[in-house]
Trainee: 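Here it is: the structure, laid out below.
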Amino acid sequence: MRHKKLWMTAGIAVLALAGTGIWALAAAETSVTNTLSTSVVDIGLENYRSVDGKEVEFTDKDRKIMVMPGMRVSQIPKMTNKAEDCYVRAGIAIDGKKEVERPLSLEDISGFSEAWVKKGEYYYYKDILKTGECVPLFDTVTIPSEWGTRHEEGSVKDHYTLNDWEVTVRVDAIQAANFTPDFESGTPWGVEGENHIIQKCIQEDGYEFNVYQKGVPPEFTVVYEGGSEKLITSQEDFFAGIPRLLPGDREEGTFTMKNDGERKQTFYFRTEILEEQDILEQIILTIQTGERTIYEGPLNARELQGYVTLCSLEKGENQEVRFRLTVPKELDNRYTLNNCKVKWLFRTEEEPQPQKAVPVKTGDALFKTVVPWAAALTAAGAAVLLVRRKRGKRC
C-alpha cells in the first residue's frame with residue numbers, strides 16, 4: 001500500500017503544476033415549447049323556406065306538404081362554412097315513390113346564382129366560401145303544371161296523385177389552400193380517386209374554430225450572453241407565426257443564433273416530444289444554415305432526440321437558421337384537428353483555446369519556467385526509483 005501511495009503522490013504533483021493545460025468546456029442551455037395544430041374542412045347544411053320575405057327553418061311539417069300542379073314551393077338549402085376556407089359543390093337527387101311519365105326533375109328547380117356552374121352531376125360554387133360564410137344553392141321547386149288527371153277510354157284516371165317526392169341535396173367541400181379548381185374542365189376538382197378523395201368529416205360539433213389572422217412573425221433569436229454565461233431566447237415559440245396546417249402546406253421561418261460572449265461558441269439543438277400525435281411522423285422538418293442542410297426528415301425522428309450541431313460562432317458573430325415544415329398533400333381526415341407540442345432545446349459549448357507554444361527563455365525567466373517542471377519530474381522519478389528499490393530489497 002505504501003508503494004502505491006508514493007506513486008500517486010508523484011502523479012498529482014505533476015498534474016498540479018501542469019494545470020494550465022487542462023480545459024473544462026463551459027456550457028449553457030435553454031428551451032422553448034412549440035405548438036403545432038392541424039386544421040379541418042367542415043361545412044353545415046340547413047334547409048330554409050321563405051315566408052313573407054323572411055327565411056325560416058324548413059321543418060318536418062314542411063316536408064310533408066301537399067302540392068298541386070303548377071305550385072311553387074319555397075325551399076332554400078344553405079351551406080355554412082364552419083372551418084377553413086373551402087370550395088363547395090352540391091349534388092341533387094330527386095326520387096319518386098311511383099314512376100310517372102313526367103317526373104320531377106332538375107329543370108323544375110330554380111334560383112341558382114351565377115356563382116354556381118353545372119358540371120356533370122354536380123353544381124360547383126366558383127367562389128371560395130370563407131370561414132363563417134353561408135351560400136344558398138337554390139330557392140324554388142316548381143311542381144310541373146301537367147301533373148293531374150286525364151280522360152282515358154271513357155273514364156278519368158290519376159297519373160300523378162298520391163305520389164311522394166324527395167329532393168335530396170348532398171354537399172362536398174375541399175380546402176381552398178393549395179388547391180385550384182379548373183372550371184373550364186368537365187371535372188373542376190379533377191377525377192375523384194386520382195386527384196382527390198371525398199371523405200366524411202370525422203370531427204363532430206364541439207370543437208372551437210377561430211379565424212387565424214396571419215401577420216409578420218416575431219423575430220426569434222437565441223443569444224449566448226457572455227456576462228451571465230446563459231442562453232437567452234427572444235420568444236417562447238418560434239412557430240408562433242405558423243397557422244393551423246393543411247395538406248400541401250409549406251410553412252417557412254427563420255431564427256438567429258448570436259454569440260455575445262468573449263470566446264467562440266458552438267450551438268446545438270435537439271427536440272423532445274411532449275404530446276405525441278401521428279401527425280408528427282407526417283410533417284417533414286428541414287433545417288438549413290446557408291447552403292448546408294442540417295436535417296431533413298420527420299419531426300419526431302429519433303435523430304433529433306440527441307443534440308445536432310447548428311453552427312460555431314466567434315465573438316460577435318451571428319448565424320441565420322432557416323426551417324421549413326412540409327405537410328404531404330395526401331394527408332386525409334384522420335389527421336384533422338391534431339394538436340402536438342414539441343420542445344426545442346438549445347445548447348452552447350465554449351470551444352477550448354489552442355495551446356500556445358512556450359518560447360525559449362534564458363536567465364531568471366528560464367529558471368522560473370523550467371525549474372518547477374524539472375523538480376516535479378525529478379520528484380516523480382525519485383518516487384518511482386524508491387518504489388523499485390524497496391521492491392528489490394523485499395525480493
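These figures come from a predicted structure and were not determined experimentally.
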Trainee: Looking at Glu317 and Lys315, is there a salt bridge between them, counting it only when a charged N and a carboxylate O are closer than 4.0 Å?
Mentor: no
Trainee: With a 3.5 Å distance limit and no angle check, can you tell me whether Lys119 reaches the backbone of Phe183 through a side-chain donor-acceptor pair?
Mentor: yes
Trainee: Is the centre of the Phe255 ring less than 6.0 Å from the centre of the Phe346 ring?
Mentor: yes
Trainee: Would Arg250 and Arg324 count as a side chain to side chain contact (heavy atoms under 4.5 Å, CB included) here? Give the steps.
Mentor: CA-CA 7 Å; Arg250 283 169 57 96; Arg324 180 173 65 247; 3.3 Å; yes
Trainee: Strictly by modelled atom types, are Thr266 and Glu349 linked by a side-chain donor-acceptor pair under 3.5 Å?
Mentor: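 There is no such pair (donor and acceptor under 3.5 Å, judged by atom type) between the side chains of Thr266 and Glu349.
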Trainee: Is it true that, when you exclude Lys329 itself, more than 12 heavy atoms of the residues, nucleotides or ligands shown sit nearer than 6.0 Å to its NZ?
Mentor: no
Trainee: Verify, without hydrogens or angle tests, whether Glu57 (side chain) and Thr59 (backbone) share a donor-acceptor contact under 3.5 angstrom.
Mentor: no
Trainee: Just how far is it from atom CH2 of Trp189 to atom CG of Asp172, taken to the nearest 0.5 Å?
Mentor: 5.5 Å
Trainee: Is any side-chain N of the basic residue among Asp52 and Lys54 closer than 4.0 Å to the acidic one's carboxylate O?
Mentor: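 Salt bridge: no.
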Trainee: Flag the pair Val321 / Leu310 as yes when at least one side-chain heavy-atom distance between them is below 4.5 Å, and no otherwise.
Mentor: yes
Trainee: Scan side-chain atoms only and decide if Thr256 and Asn318 contain a donor-acceptor pair under the 3.5 Å cut-off.
Mentor: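 Distance-only check fails for Thr256 and Asn318.
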Trainee: Would you indicate whether the side-chain heavy atoms of Leu45 and Val169 approach each other to under 4.5 Å?
Mentor: yes
Trainee: For the CZ atom of Arg102 and the OG atom of Ser145, what is their distance to the nearest 0.5 Å?
Mentor: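 Spacing of CZ (Arg102) from OG (Ser145) equals 8.0 Å.
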Trainee: State the OH-CZ distance between Tyr224 and Arg263, to the nearest 0.5 angstrom.
Mentor: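 If we round to the nearest 0.5 Å, Tyr224:OH and Arg263:CZ are 9.5 Å apart.
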Trainee: With a 3.5 Å distance limit and no angle check, can you tell me whether Lys118 reaches the backbone of Gly120 through a side-chain donor-acceptor pair?
Mentor: yes
Trainee: Check step by step if ring-ring contact (aromatic ring centres under 6.0 Å, His included) holds for Phe112 and Phe138.
Mentor: CA-CA 5 Å; Phe112 295 92; Phe138 56 82; 5.8 Å; yes
Trainee: Under 3.5 Å, is there a donor-acceptor pair between the side chain of Asn178 and the main chain of Pro247?
Mentor: yes
Trainee: Report yes if some heavy atom in the side chain of Met257 is under 4.5 Å from a heavy atom in the side chain of Thr289; otherwise report no.
Mentor: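 Answer no - side chains too far apart.
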Trainee: Please report the C-alpha distance between Leu313 and Phe267 in whole Å, then the side-chain angles of each, then the deciding distance to 0.1 Å, and finally whether the side chain to side chain contact (heavy atoms under 4.5 Å, CB included) criterion is met.
Mentor: CA-CA 8 Å; Leu313 301 177; Phe267 289 75; 3.6 Å; yes
Trainee: Taking NZ, NE, NH1 and NH2 as the nitrogens, is one of them in Glu166 or Arg63 under 4.0 Å from a carboxylate oxygen of the other?
Mentor: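 Answer for the salt bridge query: no.
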Trainee: Donor-acceptor pairs under 3.5 angstrom involving side-chain atoms of residues 64-78: please list them, not counting sequence neighbours.
Mentor:
{"residue": "Ser74", "atom": "OG", "partner": "Ser50", "partner atom": "N", "Å": "2.7"}
{"residue": "Lys78", "atom": "NZ", "partner": "Glu55", "partner atom": "OE1", "Å": "2.7"}

Trainee: Could you walk me through whether Glu29 and Tyr268 pass the side-chain hydrogen bond (donor to acceptor under 3.5 Å, both in side chains) check?
Mentor: CA-CA 9 Å; Glu29 289 185 328; Tyr268 308 86; over 6 Å; no
Trainee: Can you tell me if CG on Asp182 sees more than 12 non-hydrogen neighbours from other groups inside 6.0 Å?
Mentor: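 Check passes, neighbour count above 12.
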Trainee: Within the side chain of Ser185, is there an N or O that forms a donor-acceptor pair under 3.5 Å with the backbone of Thr187?
Mentor: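 Looks like yes, one N/O pair under 3.5 Å.
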Trainee: Apply side-chain hydrogen bond (donor to acceptor under 3.5 Å, both in side chains) to the pair Asp108 and Thr142, showing each step before the final yes or no.
Mentor: CA-CA 5 Å; Asp108 303 311; Thr142 303; over 6 Å; no
Trainee: Got a donor-acceptor contact below 3.5 angstrom from the Asn339 side chain to the Ser37 backbone?
Mentor: no
Trainee: Let's go through Ile109 and Ile92 carefully: what are the C-alpha distance in whole Å and the side-chain angles of both, what is the deciding distance for side chain to side chain contact (heavy atoms under 4.5 Å, CB included) to 0.1 Å, and is it a yes or a no?
Mentor: CA-CA 10 Å; Ile109 297 177; Ile92 303 174; 3.9 Å; yes
Trainee: Does NZ or CZ of Arg89 come closer than 6.0 Å to the centre of the six-membered ring of Tyr122, within 45° of the ring's axis?
Mentor: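 Because its charged atom sits under 6.0 Å from the ring centre and within 45° of the axis, Arg89 does stack over Tyr122.
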Trainee: Checking Thr131 side chain against Ala83 main chain: does a donor-acceptor pair fall under 3.5 Å?
Mentor: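 It does hold such a pair.
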Trainee: Is the shortest heavy-atom distance from the side chain of Glu101 to the side chain of Glu146 under 4.5 Å?
Mentor: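 When only atoms from C-beta onward are counted, Glu146 and Glu101 do not touch, as no gap falls below 4.5 Å.
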Trainee: Please evaluate residues Trp116 and Tyr123 with respect to the criterion ring-ring contact (aromatic ring centres under 6.0 Å, His included), reporting the C-alpha separation (whole Å), side-chain torsions for both, the decisive distance (0.1 Å), and the verdict.
Mentor: CA-CA 6 Å; Trp116 290 98; Tyr123 292 85; 7.2 Å; no
Trainee: Given side chains that start at C-beta, do those of Pro298 and Ile283 come closer than 4.5 Å, heavy atoms only?
Mentor: no
Trainee: Restricting to pairs with a member in residues 291-302, which pass salt bridge (charged side-chain N to carboxylate O under 4.0 Å, His left out), not counting sequence neighbours?
Mentor: none
Trainee: Going by the side-chain hydrogen bond (donor to acceptor under 3.5 Å, both in side chains) test, name the single residue among Asp332, Thr336, Asn338 that passes it with Arg334.
Mentor: Asp332
Trainee: In terms of relative ring orientation, are Phe179 and Tyr87 parallel, tilted or perpendicular, with 30° and 60° separating the classes?
Mentor: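 Phe179 and Tyr87: perpendicular rings.
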Trainee: Stepwise, does the side chain to side chain contact (heavy atoms under 4.5 Å, CB included) test hold for Arg49 with Val56?
Mentor: CA-CA 6 Å; Arg49 65 188 183 95; Val56 297; 3.8 Å; yes
Trainee: Can you check whether Gly316's main-chain N or O pairs, donor with acceptor, with Asn259's side chain at less than 3.5 Å?
Mentor: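 Not a single qualifying donor-acceptor pair exists.
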Trainee: Donor-acceptor check, side chain of Gln282 to backbone of Ile279, threshold 3.5 angstrom: yes or no?
Mentor: no
Trainee: Less than 4.5 Å apart, side chain to side chain, heavy atoms only: is that true for Asn81 and Asp42?
Mentor: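 A side-chain contact under 4.5 Å is absent here.
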Trainee: Does the side chain of Ser31 reach to within under 4.5 Å of the side chain of Glu272, using non-hydrogen atoms?
Mentor: no
Trainee: With sequence neighbours excluded, what pairs up with Phe269 under the ring-ring contact (aromatic ring centres under 6.0 Å, His included) test?
Mentor: Trp344
